Amino acid sequence: MKRFVAMLLVSMMVLSLAACGSSESAATGTEAPTVGNTEAPTIETKAAEEVQAAAEEVKDYSGRKLRLIMSIGGGGNWWQPVADRMEELYPGLEVEVTFDSNADQILRTEYLAGEAADAFMINSNKIPRYQAIQQGLVQPIDYVLSLPTLDGTATLADVMDLSVFGKGAYEGHYYCMHEFQYLDGFWYDAKFFRDNNLTIPETWEDFQKLCEECKALGIPTVGYMGIAADEYANEYWFIPMLASTSYDAYVQYQNLDPEVWKSDAMKRCVEKLAYVRDNGYFDKNTLGTGASETQIAFINHEYAIYPCGSWLEPEMADAWTEDWELTYLPYSFGEKAEDKYMMMGGQESMITSSTKENLDLVGEFYRVLFSDEQAMREVVKTHQNVMLVPNFSERFGDLVAPSVNTAAAAMEKMNKINSPACSWYPDINKLVGDAMNAFFNGDITEEEFLQRGYDEFTRILNDSSVTKYKFEG
């Protein structure tokens, strides 16, 4: 195990510190999932009577302890309400939640000591999901989905949205418990746009008009968090723009095809970036800023639209002025109105491989999280995003920030993507993020941007130590 952890530590040292059918692997020859078209692992089905009996079984958890660890992020510590509820429902049980900005370092230290927490929720760029799976650091969550809800009327698989569970599936098993869905893309202040008669773009022509209108106001149109460009610029702007320009090119990108960087679609994307840069429509001040500075500048209307996720409103809860109307922009830099793609992010927890005697406690944790109404309402209030359960809007829509509901409404009008390549090949996130920073800073040309992409895709493709995946679209 220590050898596995050491390998993972080395692989993670080169990653950015920002918060994003068959395959062939020259290294292992293993089968890997086709995200979007993979055949879902088989989840055990049970008769209703068996489910009810399992739910009613009385168990004694006295003197036992469940340990969980979570990174500090925009969703807050939404596991704590579940922990509190478990201690209420199961007298004698202790549930400890470590909520820390250095959660990944803490977990790595625990792994090396042979005493890792039972489950974790840590950003995937700090604990890459597929590397953790392949190196045996985590174990399948299939059994959890077969557990009964607390009332015994269904299994957890029955009451969860399994449509996104292909991400984190590997060799016939599920490894990631998908809890919340982030809706990513561009955001704007609807009141500011109304007050200044600004165009809400639906086409590239509309966007050009907006740029001219913002210029007349004396502000750039776009800014992003340059310190986290591998996430904010890459995942919330560049990839949806590529899909909007050509979905075929997006598929090539997922399949690590170097030729995508020579395609007309990719050239068009970089042309669009050049239009924003060369006409002064980008706020260069944001290239060197982190979350707080970039988002305060956005709130102060120093630029008009900002790529981010639906955690933005709660994350900056104390900074908004009363007249702000944070709203999701259903536009992703396509040519036509129908060319709209929303990036669907998510937060997934995983069960550590060292957990043996506490697998039942982990299962109880997820049962409470996904089937106890009291706990669920507190969790949604804390996280302020879309929980992956049926009829979320009807059940919990009143608990989330208004901006989240604007994103949920936009989701109905847009095509949805999740760019599995961002998880399969983490290096490409840094590639695009660094290239965009260099491009908007005026350090590289359009041709050099494209060449960087071609060279990096070629390098990864020829690296026999990297597992290669097949995306069918």
Side-chain angles (χ1 to χ4, degrees), residues 20 33 35 38 40-44 66-71 73 75-83 85-86 95 97-99 103-104 107 116-124 126-133 136-150 154-182 344-356 358-372 375-376 378-380 382-383 385-390 392 418 420 423:
C20 202
V35 173
T38 187
T42 301
I43 300 302
E44 180 184 358
L66 175 66
R67 292 180 56 242
L68 310 167
I69 186 166
M70 170 187 281
S71 296
N77 186 358
W78 75 89
W79 275 2
Q80 192 60 53
V82 185
R85 182 62 170 156
M86 286 186 73
V95 183
V97 180
T98 298
F99 185 56
D104 59 310
L107 183 63
D118 298 302
F120 65 86
M121 170 73 72
I122 295 175
N123 290 340
S124 61
K126 294 186 176 181
I127 303 286
R129 301 294 185 249
Y130 285 96
Q131 290 183 28
I133 294 168
L137 299 176
V138 294
Q139 54 186 308
I141 54 101
D142 303 355
Y143 81 97
V144 174
L145 297 173
S146 299
L147 294 174
T149 55
L150 290 182
T155 65
L156 292 188
D158 295 327
V159 299
M160 296 180 65
D161 182 355
L162 298 183
S163 63
V164 300
F165 273 65
K167 186 177 182 180
Y170 189 77
E171 293 190 338
H173 295 286
Y174 288 128
Y175 283 86
C176 293
M177 180 61 78
H178 296 258
E179 300 180 12
F180 276 89
Q181 190 74 59
Y182 284 136
M344 305 289 286
Q347 290 195 298
E348 317 95 22
S349 54
M350 305 183 84
I351 303 173
T352 61
S353 57
S354 58
T355 298
K356 299 293 189 295
N358 280 351
L359 284 175
D360 60 331
L361 295 183
V362 174
E364 293 303 308
F365 173 80
Y366 288 120
R367 289 181 70 207
V368 174
L369 174 60
F370 286 103
S371 67
D372 181 81
M376 293 172 77
E378 291 303 316
V379 164
V380 173
T382 302
H383 195 286
N385 270 284
V386 179
M387 197 173 185
L388 290 175
V389 293
F392 175 85
N418 65 13
S423 298

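Only a predicted model underlies this, so the values are computations on that prediction, with no experimental measurement involved. Residue numbers run from 1 in the order of the sequence given.
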Between [X] and [Y], is any pair of side-chain heavy atoms under 4.5 Å apart?
{"X": "Met387", "Y": "Glu179", "answer": "no"}
{"X": "Tyr175", "Y": "Asp142", "answer": "no"}
{"X": "Asn123", "Y": "Asp104", "answer": "no"}
{"X": "Thr355", "Y": "Asn358", "answer": "yes"}
{"X": "Glu378", "Y": "Trp78", "answer": "no"}
{"X": "Phe365", "Y": "Leu369", "answer": "yes"}
{"X": "Leu147", "Y": "Tyr366", "answer": "no"}
{"X": "Met70", "Y": "Ile122", "answer": "no"}

**Q.** Partner residues of Glu348 under the side-chain hydrogen bond (donor to acceptor under 3.5 Å, both in side chains) criterion, sequence neighbours left out
**A.** Arg129
Looking only at heavy atoms, which two atoms of [X] and [Y] are closest? And how far apart?
{"X": "Leu388", "Y": "His178", "value": "CD1-CB, 3.4 Å"}
{"X": "Ser354", "Y": "Ala116", "value": "OG-CB, 3.4 Å"}
{"X": "Ala117", "Y": "Leu107", "value": "N-CD1, 4.2 Å"}
{"X": "Met86", "Y": "Leu361", "value": "CE-O, 3.9 Å"}
{"X": "Phe99", "Y": "Asn77", "value": "CZ-N, 3.4 Å"}
{"X": "Pro140", "Y": "Ile351", "value": "O-CD1, 4.3 Å"}

Examine distances only and state if a side-chain atom of [X] and a backbone atom of [Y] form a donor-acceptor pair shorter than 3.5 Å.
{"X": "Arg367", "Y": "Pro148", "value": "yes"}
{"X": "Ser349", "Y": "Met121", "value": "no"}
{"X": "Tyr174", "Y": "Gly168", "value": "no"}
{"X": "Thr98", "Y": "Ile69", "value": "no"}
{"X": "Asn418", "Y": "Met344", "value": "no"}

Q: Scan Ile141, Leu137, Val138 and name whichever one has a side-chain contact (heavy atoms from CB on, under 4.5 Å) with Met350.
A: Val138
Q | From CA spacing to verdict: side chain to side chain donor-acceptor pair (under 3.5 Å), Thr352, Gln139 | A | CA-CA 6 Å; Thr352 61; Gln139 54 186 308; 5.6 Å; no
(Q) Does Gln181 form a side chain to side chain contact (heavy atoms under 4.5 Å, CB included) with Asn385? I'd like the steps, not just the answer. (A) CA-CA 7 Å; Gln181 190 74 59; Asn385 270 284; over 6 Å; no
Q: Under the salt bridge (Lys or Arg N to Asp or Glu O under 4.0 Å) rule, collect the residues that match up with Asp118, sequence neighbours excluded.
A: none
(Q) I'd like to check the salt bridge (Lys or Arg N to Asp or Glu O under 4.0 Å) partners of Asp158; sequence neighbours left out, ordered by chain and number. (A) none
(Q) Please verify the inter-ring angle class for His383 with Phe180; under 30° counts as parallel, over 60° as perpendicular, anything in between as tilted. (A) parallel
Q) Atom OH of Tyr170 and atom SG of Cys176: how far apart are they, to the nearest 0.5 Å? A) 13.0 Å
Q: Would you check, one step at a time, whether the test side chain to side chain contact (heavy atoms under 4.5 Å, CB included) holds for Thr155 with Thr149?
A: CA-CA 5 Å; Thr155 65; Thr149 55; over 6 Å; no
Q: Output, in order, the C-alpha distance, side-chain angles, deciding distance and verdict of side chain to side chain contact (heavy atoms under 4.5 Å, CB included) for Val82 and Val379.
A: CA-CA 7 Å; Val82 185; Val379 164; 3.5 Å; yes
